[in-house]
Amino acid sequence: MNLPQQAQFNSQPMQIIHTVNELRNVLKAQPSIGFVPTMGNLHAGHVHLVEIAKQHAQCVVVSIFVNPLQFGANEDLASYPRTLEADCEKLKIAGADIVFAPSVAEVYADFDGNNLNQTMTITPPPMARELCGASRPGHFSGIATVVMKLFNIVQPQVSVFGQKDFQQLFVIKQLVKQFNLPITIIAGNTVREPSGLAMSSRNGYLTSTQKIAAAQLQQCLQQIVSAIKQGNTDFADLEQTAMQMLNDKGWLVDYISVRSANTLALATQDDSNLVVLGAAKLGNVRLIDNIDFCAK
Ligand code: PAF
């Protein structure tokens with residue numbers, strides 16, 4: 001849907017732009033650009049990322065683009081909520097300057113109306129084939145590719161990503177490092193519901209009963225963190241116990257894994273910066289979460 005080019009809130013104009021050319025024209029005049037890439041259906045977690053970006057740049061651009069390349073064949077691309085109008089309202093309040101909401105054809109010049117088979121893609125490091133990458137082949141390649149495109153289009157000095165997608169954040173940091181991009185990546189803390197459930201666009205798929213149960217994932221991760229902080233370093237056993245516990249409660253666990261927060265390699269007893277990550281399905285809804293912490 002094409003919204004008016006300029007929306008007013010508190011006398012601050014927020015522009016909604018759909019094409020690369022127009023965005024480039026508008027951004028020419030900007031001394032510093034902060035960028036928050038999103039797939040829309042925004043929640044308080046995204047608003048937090050915008051607030052962080054505002055602290056680092058004069059002009060904050062938020063992209064809203066449901067990227068087909070990061071969805072597997074049997075995933076929720078078609079049903080992923082597209083809520084541009086409501087998103088723009090939230091972004092106006094958050095103080096974003098520009099919303100970039102392109103079409104698939106605008107982002108992928110080679111899109112033939114049906115598929116993206118001809119697209120040149122980025123292959124992320126092997127770590128991207130573990131954890132979420134193991135059950136979502138091509139997912140991080142799709143993310144790295146679209147983020148590279150968006151970085152080239154927006155050319156920000158600073159870009160903010162949510163820590164809830166810890167592995168994504170890791171891949172993006174590698175992208176910036178390995179392709180020598182002059183962009184500072186900032187991580188935004190995970191924003192949680194009072195129950196502890198991490199805010200996610202996919203929470204909207206949960207029934208009210210499931211939403212209560214969904215906090216169990218974070219509780220399980222928290223128990224692992226407590227055990228490790230108390231000196232338990234049998235990571236494999238902690239992971240197994242947690243997976244069993246969730247499966248017993250009706251979840252379908254993909255993985256629970258304790259990793260080095262610096263490299264995402266399997267945790268060793270020598271690591272002090274750790275992260276425990278989990279992905280599991282509640283009904284048809286796949287949720288992810290993580291907690292990073294200092295073990296020593
Ligand atoms: O985290 C997301 O919403 C997406 O993976 C991103 C970074 C916008 C790329 O499509």
Side-chain angles (χ1 to χ4, degrees), residues 20 23 33-50 52-53 60-72 75-84 86-88 90-91 94 96 98-104 106-108 111 116 119 121-122 124 127-128 131-133 135-154 156 158-176 179 181 183-191 198-205 277 279 285-290:
V20 174
L23 183 68
I33 301 168
F35 178 43
V36 181
T38 81
M39 297 207 299
N41 196 24
L42 305 181
H43 50 68
H46 295 109
V47 168
H48 180 53
L49 304 183
V50 173
I52 294 173
V60 172
V61 179
V62 179
S63 64
I64 296 181
F65 178 65
V66 181
N67 172 34
L69 210 59
Q70 70 189 75
F71 287 79
E75 295 183 357
D76 56 345
L77 173 62
S79 59
Y80 199 87
R82 273 92 168 159
T83 53
L84 184 58
D87 290 343
C88 288
K90 288 178 190 161
L91 291 173
I98 295 171
V99 176
F100 178 50
S103 65
V104 176
E106 187 70 17
V107 173
Y108 291 102
F111 179 58
L116 291 163
T119 294
T121 55
I122 289 175
M127 173 53 54
L131 300 167
C132 283
S135 55
R136 304 187 72 186
H139 177 61
F140 289 111
S141 172
I143 288 176
T145 302
V146 81
V147 170
M148 181 64 128
K149 278 172 172 284
L150 291 168
F151 279 170
N152 286 334
I153 293 167
V154 177
V158 169
S159 188
V160 191
F161 289 80
Q163 192 146 331
K164 200 211 82 182
D165 298 291
F166 200 92
Q167 193 179 10
Q168 167 172 283
L169 181 62
F170 180 85
V171 169
I172 301 302
K173 283 180 179 165
Q174 288 297 315
L175 179 82
V176 164
F179 286 98
L181 304 178
I183 302 172
T184 303
I185 301 299
I186 299 176
N189 286 344
T190 302
V191 178
M199 297 251 180
S200 162
S201 300
R202 289 194 169 92
N203 291 354
Y205 297 147
L277 308 104
V285 189
R286 188 176 185 279
L287 298 175
I288 60 171
D289 203 350
N290 68 81

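Note that ligands are numbered from 1 as they come in the structure, with each ligand's atoms numbered from 1 the same way. The figures here come from the full heavy-atom set of this structure, side chains too, leaving out hydrogens, waters and symmetry mates.
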Applied to residues 61-70, the side-chain hydrogen bond (donor to acceptor under 3.5 Å, both in side chains) test, sequence neighbours excluded, yields Asn67-Gln70, Asn67-Tyr108
For ligand 1, would you mind listing the residues that have at least one heavy atom less than 4.0 Å away, ordered by chain and number? Pro37, Thr38, Met39, Asn67, Gln70, Ile143, Val146, Phe161, Gln168
Show the nearest heavy-atom pair for residues Tyr80 and Met39, with the distance to one decimal. CE2-O, 3.6 Å
For Leu150 and Phe35, run side chain to side chain contact (heavy atoms under 4.5 Å, CB included): C-alpha distance rounded to whole Å, both residues' side-chain angles, the deciding distance at 0.1 Å, then the answer. CA-CA 9 Å; Leu150 291 168; Phe35 178 43; 3.8 Å; yes
Within-4.5 Å side-chain heavy-atom neighbours: Val60 and Val50: yes
Does the side chain to side chain contact (heavy atoms under 4.5 Å, CB included) test come out yes or no for Leu181 and Met148, once each step is laid out? CA-CA 9 Å; Leu181 304 178; Met148 181 64 128; 3.8 Å; yes
Residues His43, Lys90; criterion side chain to side chain contact (heavy atoms under 4.5 Å, CB included); working and verdict: CA-CA 8 Å; His43 50 68; Lys90 288 178 190 161; 5.7 Å; no
